[in-house]
Amino acid sequence: MRMMDYSNCYPEDPHAVNFAGQRGFLKVLKSGFKETLFPDDPFREIKKEEKPLFRAIKWLQYLVPIFQWLPTYTWRLFISDFFAGITATSIAVPQAISYAKLADLHPIIGLYTCFVPPIVHLSVGPIASASLLISQTISTVVRPEEDPILYLHLVLTTTFVAGLFQTCLGFLRLGILVDLLSHSTITGFMGGAAVMLTLQQLKGIFGLKHFAHKTGVTTIRWETTVMGLFFLAYLQFTKHQRNRNRKLFWLSAMAPMTTVIVGAVFTYLVNGKRHGIQTVGHLSRGINPLTIKYLKFDSKYLAPVLRAGFITGILSMAEGIAIGRSFAVVENTPHDGNKEMIAFGLMNMCGSVTSCYLTTGPFSKTAVNYIAGCKTAMSNLVQAFLVALTLEFLAPLFGYTPLVVLSAIIISAVLGFLNYAEVVHLYKVDKIMRYIRCEEDTTGITVEQIILDLSGVTSIDTTSLEGLWETNKTIENNGMQLSFVNPRIEVLEKMVAAKFVSRVGKESFFLTVEDAVKASQIALRKSRASNSEDGVRGTTIHQSAVDSC
């Protein structure tokens with residue numbers, strides 16, 4: 001059997017990777033434009049319809065989804081959506097009040113934010129990370145305690161900017177920008193935000209108005225501390241029970257509302273203010289007032305508003321789209337990220353002119369809605385109706401809610417951001433030599449050849465190429481060789497343009513795993529044969545030296 005020499009493969013060899021066939025700029029641009037902006041062809045069903053009337057109906061259904069499911073809606077679906085809406089409301093109201101506090105806004109703004117946005121979009125509400133970012137950014141130009149009215153107006157303007165930004169990205173079909181946020185980056189950011197938020201809320205748990213260098217044991221209220229630790233333990237216990245048994249999802253879903261009610265009743269009965277237990281304070285009745293005239297675009301405040309709007313817009317959009325994709329995969333339903341961005345944008349623009357601040361699709365609400373049996377967007381209308389009733393009749397009762405309860409709810413929510421398993425996984429993945437050594441220790445075989453299959457890699461950037469080059473150098477320095485199999489044309493073109501191919505060598509690239517394995521076998525045989533010759537030659541020299549002595 002004749003062995004093939006893969007060390008000098010050229011394009012004329014049918015089994016070789018063709019490095020010479022580079023596409024022209026316009027062809028690459030056209031292909032990339034189509035693949036990036038229209039990978040799913042969302043208008044395919046509309047274009048297939050020949051009759052103008054039916055085509056117009058399909059356009060209406062695409063732009064306003066309620067017309068898609070409403071004609072076939074049944075009483076049975078409504079029952080499921082009704083109970084899902086009640087369950088979602090039970091977690092939305094206390095979380096909204098808590099996150100408004102986190103954003104240094106009046107708690108009533110949190111309740112307003114639970115009313116209008118859910119009418120526009122599905123399973124939405126404020127999120128902890130965006131609330132914190134808005135507070136930190138806007139506070140650089142105006143402190144909420146110094147001028148709460150101006151601070152609120154700037155937050156509403158930030159929400160409008162974020163919504164406009166999200167809408168433009170959706171219409172321009174630039175949802176691909178969300179994919180630039182790597183999984184590891186988001187994991188690190190969410191973990192860091194969780195630590196920061198938890199430390200911030202310790203102030204509420206200990207009953208302190210603010211942290212200071214001279215804060216001592218005497219300034220900590222033991223009544224508030226005991227109360228906060230009790231409710232935090234209860235919230236974590238309900239989460240633990242939900243994770244053990246999915247049928248007990250209602251336990252964790254109702255837990256925030258339960259803590260609010262029990263905390264408020266307890267504080268009222270024991271006259272909590274006398275014991276240093278701070279409460280939310282007065283909440284006025286009535287639904288959202290219009291705030292379009294309060295949007296401020298003064299040059300004095302424009303820079304931080306734009307910065308906060310862009311950052312929180314991207315962050316909230318990334319979380320909402322990622323969650324939407326996750327549940328679309330579970331349900332095996334189509335998911336259009338660009339359409340989702342438009343919905344988020346319109347939702348925030350509408351919210352900013354109706355006393356609402358930034359909202360998105362938080363995981364907690366989406367998961368609760370899904371597990372509770374939500375079938376359509378009708379559950380949103382149920383939630384909006386219940387929140388409207390709360391604003392009209394029950395809002396003053398939430399004024400008795402202790403701040404320590406809100407701190408416990410926030411800490412319990414953000415502790416879920418600390419994905420310990422994911423951190424451990426990323427740490428292990430970052431160590432491409434530890435696994436090799438473990439393999440060698442386990443099997444007792446020395447690893448000399450490593451084959452990397454690139455067929456699943458659809459794109460690669462400069463950072464990835466530099467990381468790959470460093471990995472290649474590390475492997476070579478440890479006496480091993482790295483081969484690359486079946487890179488896609490987009491990936492190969494970037495490798496060539498970045499001079500990665502010239503640095504690694506064309507002989508390291510193969511079309512199939514079989515070709516790479518055969519080439520590795522040949523290289524191993526040559527290496528062993530060379531080592532054998534060196535061993536014989538060394539023995540001869542050593543013997544000659546002995547004879548001469």
Side-chain angles (χ1 to χ4, degrees), residues 91 94-105 110 125-140 144 181-213 215 219-220 224-225 227-240 242-243 252 255-256 259 307-308 311-312 314-320 322-323 357-358 360-365 367 403-431:
I91 190 174
Q95 275 193 351
I97 296 176
S98 303
Y99 293 163
K101 171 180 174 287
L102 187 61
D104 290 322
L105 296 170
I127 57 174
S129 53
S131 300
L132 179 66
L133 279 173
I134 288 176
S135 172
Q136 296 293 326
T137 308
I138 303 302
S139 294
T140 59
L181 297 173
S182 68
H183 179 65
S184 57
T185 300
I186 293 177
T187 300
F189 172 80
M190 299 303 281
V195 173
M196 185 180 297
L197 291 171
T198 301
L199 293 176
Q200 274 199 345
Q201 295 311 306
L202 290 179
K203 176 178 63 177
I205 296 292
F206 294 141
L208 304 173
K209 291 187 177 180
H210 55 81
F211 283 123
H213 293 294
T215 297
T219 60
I220 294 177
T224 306
T225 304
M227 193 175 176
L229 293 177
F230 172 79
F231 283 122
L232 181 59
Y234 168 70
L235 291 167
Q236 289 300 104
F237 172 76
T238 58
K239 281 189 174 183
H240 177 68
R242 177 201 62 192
N243 294 335
S252 64
T259 57
R307 184 166 64 251
I311 295 175
T312 55
I314 285 286
L315 175 66
S316 60
M317 186 171 59
E319 179 173 344
I323 292 167
Y357 81 107
L358 193 73
T360 187
F363 181 79
S364 56
K365 275 197 61 187
L403 296 183
V404 63
V405 169
L406 302 183
S407 294
I409 292 174
I410 292 173
I411 292 176
S412 178
V414 301
L415 284 178
F417 295 167
L418 293 173
N419 193 338
Y420 309 103
E422 185 64 22
V423 171
V424 172
H425 171 71
L426 291 173
Y427 175 78
K428 289 180 177 178
V429 168
D430 196 41
K431 305 296 181 182

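Here the straight-line distance linking atom CD of Gln95 with atom CD1 of Ile127 works out to 11.0 Å at 0.5 Å rounding. Remark: Leu406 CG to Ile411 CD1 distance equals 11.0 Å, nearest 0.5 Å. Here the straight-line distance linking atom OG1 of Thr312 with atom CG of Leu133 works out to 7.0 Å at 0.5 Å rounding. Between Leu229 atom CG and Phe206 atom CZ the span is 7.0 Å, to the nearest 0.5 Å. Note that the CD1 atom of Ile409 and the CZ atom of Phe231 stand 9.0 Å from one another [nearest 0.5 Å].
With a 4.5 Å cut-off on side-chain heavy atoms, Ser407 and Lys203 do not count as touching. The shortest side-chain heavy-atom distance between Thr224 and Ile205 does not fall under the 4.5 Å cut-off.
Scanning for side chain to side chain donor-acceptor pair (under 3.5 Å) contacts around Ser131 gives Tyr357, with sequence neighbours left out. For Gln236, the side chain to side chain donor-acceptor pair (under 3.5 Å) test picks out Ser412, with sequence neighbours left out. With sequence neighbours excluded, the residues forming a side chain to side chain donor-acceptor pair (under 3.5 Å) with Ser135 are Asp104, listed by chain and number. In this structure Thr238 satisfies the side-chain contact (heavy atoms from CB on, under 4.5 Å) test together with Tyr234, Leu251, Ser252, Ala255, sequence neighbours excluded. Ser316 pairs by the side chain to side chain donor-acceptor pair (under 3.5 Å) definition with Gln166, not counting sequence neighbours.
Contact record, Ala96 with Pro126: CA-CG, 4.0 Å, taken as the closest heavy-atom pair. Among all heavy-atom pairs drawn from Pro256 and Thr259, the shortest one is O-OG1, 2.6 Å.
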- Task: Take Ile311 and Thr137 through the test side chain to side chain contact (heavy atoms under 4.5 Å, CB included) and record every step on the way to the result.
- Result: CA-CA 10 Å; Ile311 295 175; Thr137 308; 5.7 Å; no
